[in-house]
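Below, all heavy atoms of this structure are taken into account, side chains as well, without hydrogens, waters or symmetry copies. We're numbering straight along the sequence, starting at 1.
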Amino acid sequence: VWSKYEELTVERDVPHDILYMVFQANERLSEDFYELSLLIEVLSNGKSSSLYQELVEEKHIFANFGGYHNSSFEKGLIIFSGRLEDGVTFDFAQEAVLEALAKFESLETLEHQLEKIKNQDRTEQAMEEISLLQRVQNLAYAETVSDVSLCNEDIEKVEAVTVAGIVKAYDRYLNTKIFKVLKYKAS
């Protein structure tokens, strides 16, 4: 368990400045896994996500921005990253991300965004059913955690996620001052 905020700045011969912000996440079998997973999708899945819209399209702080939840058997990570626009400082960009995250609960379109993500997950699930490799991987994972029934429960658990559930996941995992930052600076 992390106990404090930590920051590292690395300067290298790379073309652009990149900011990484990392938060602690839950493990794959935790009760709120699906809430957190859908929260991260709402916040940062594609160009229509709330963080991309605000940080890239509206405020032009980042040239691109995204995030993901690396689900794992053990506690995982939530990783947000973005390439800064020229002239934007790391501190300004980091503060903008935190401000955008803080606006999450007040999003008027939260219910709509959640439903959109659920629809995308239904489509992905249907496509996975077609892929023999994906079915085998899902069965192998389920067998590894000693519960083959997990293969058939994913979509049901996604459907059960509510706006209240993702707000609770936000409060638990992202509404914190304890996270890690990597500032990858172009020299």
Side-chain angles (χ1 to χ4, degrees), residues 1-8 19-46 48-56 61-62 65-82 90-91 93-122 124-125 138 141-142 144-147 149-151 153-183:
V1 177
W2 298 348
S3 61
K4 63 180 180 174
Y5 167 87
E6 291 183 279
E7 179 181 307
L8 176 65
L19 175 68
Y20 293 93
M21 297 175 69
V22 182
F23 296 80
Q24 285 185 295
N26 53 14
E27 62 274 357
R28 179 72 170 81
L29 296 176
S30 67
E31 283 186 22
D32 59 355
F33 170 80
Y34 291 92
E35 285 79 2
L36 180 59
S37 186
L38 292 181
L39 165 63
I40 301 308
E41 288 187 55
V42 166
L43 288 172
S44 60
N45 185 18
S48 65
S49 68
S50 58
L51 292 179
Y52 187 93
Q53 284 297 307
E54 181 169 344
L55 299 171
V56 176
I61 295 168
F62 292 93
F65 189 88
Y68 63 94
H69 173 213
N70 73 337
S71 58
S72 176
F73 295 114
E74 298 174 354
K75 289 194 180 283
L77 301 172
I78 303 159
I79 302 169
F80 295 110
S81 65
F90 282 108
D91 291 339
Q94 181 177 330
E95 190 58 36
V97 172
L98 294 174
E99 287 174 9
L101 285 171
K103 292 179 186 174
F104 161 72
E105 292 183 70
S106 65
L107 289 176
E108 294 174 5
T109 61
L110 193 51
E111 185 75 45
H112 171 74
Q113 288 183 21
L114 177 59
E115 193 56 40
K116 182 175 80 169
I117 295 298
K118 285 182 178 182
N119 288 336
Q120 289 172 350
D121 282 0
R122 285 184 207 108
E124 288 174 16
Q125 181 78 17
N138 288 345
Y141 170 78
T144 301
V145 296
S146 302
D147 189 358
S149 67
L150 288 175
C151 288
E153 296 173 358
D154 259 3
I155 200 67
E156 294 163 5
K157 289 184 177 184
V158 166
E159 291 296 333
V161 173
T162 63
V163 169
I166 63 173
V167 168
K168 188 175 175 184
Y170 166 80
D171 285 337
R172 183 170 183 189
Y173 298 102
L174 295 176
N175 192 11
T176 179
K177 301 285 186 216
I178 300 172
F179 57 95
K180 311 296 182 194
V181 174
L182 173 61
K183 298 174 180 181

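- Of all non-hydrogen atoms in Tyr5 and Lys177, the two that sit nearest each other are CB-O, 3.4 Å.
- We find the CG-NE2 distance between Leu43 and His69 to be 12.5 Å, quoted to the nearest 0.5 Å.
- Side-chain contact between Trp2 and Val22 is present, with at least one heavy-atom pair separated by less than 4.5 Å.
- Atom CZ of Phe33 is surrounded by more than 12 heavy atoms from other residues, nucleotides or ligands within 6.0 Å.
- Looking at Met21 and Lys180, their side chains never come closer than 4.5 Å, going by heavy atoms from C-beta outward.
- Residues Val97 and Leu55 have side chains in contact (heavy-atom distance under 4.5 Å, counting atoms from C-beta outward).
- Annotation: side chain of Gln94 is in contact with side chain of Leu19 (closest heavy-atom distance under 4.5 Å).
- Residues passing the salt bridge (Lys or Arg N to Asp or Glu O under 4.0 Å) test with Lys118: none are found, sequence neighbours excluded.
- Counting only heavy atoms from C-beta outward, the side chains of Glu111 and Gln113 never approach each other to under 4.5 Å.
- Note that CG of Leu38 and CG of Asn45 are 10.0 Å apart. Values are rounded to the nearest 0.5 Å.
- The main-chain N or O of Gly67 is found under 3.5 Å from a side-chain atom of Ser44 such that the two form a donor-acceptor pair.
- Evaluation of the ring-ring contact (aromatic ring centres under 6.0 Å, His included) rule for Phe23 yields Phe179 as partners, not counting sequence neighbours.
- Thr176 contributes no side-chain N or O that, together with a main-chain N or O of Tyr173, makes up a donor-acceptor pair within less than 3.5 Å.
- Note that CG of Leu36 is 7.0 Å distant from CG of Leu174, once rounded to the nearest 0.5 Å.
- Gly82 approaches Phe65 most closely through the heavy-atom pair CA-CD1, 3.9 Å.
- Minimum interatomic distance between Val163 and Leu114 (heavy atoms only, all atoms of both residues): N-CD2, 3.7 Å.
- For the atom pair CD1 of Ile40 and CD1 of Ile117, the computed distance is 11.0 Å after rounding to the nearest 0.5 Å.
- At distances below 3.5 Å, at least one donor-acceptor pair connects side-chain atoms of Tyr170 with backbone N or O atoms of Leu101.
- Here salt bridge (Lys or Arg N to Asp or Glu O under 4.0 Å) pairs that include residues 31-41, with residues two or more places apart or in two chains, are Asp32-Arg172.
- Using a distance-only test at 3.5 Å, with no hydrogens or angles considered, no donor-acceptor pair links the side chain of Ser81 to the main chain of Tyr20.
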Pair Lys116, Ser48 - check side-chain hydrogen bond (donor to acceptor under 3.5 Å, both in side chains), show working.
CA-CA 10 Å; Lys116 182 175 80 169; Ser48 65; 2.6 Å; yes
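- Salt-bridge formation is detected for the pair Glu7/Lys183: a Lys NZ or Arg NE/NH1/NH2 atom is positioned less than 4.0 Å from an Asp or Glu carboxylate oxygen.
- Note that NZ of Lys75 and CD of Glu27 are 4.5 Å apart. Values are rounded to the nearest 0.5 Å.
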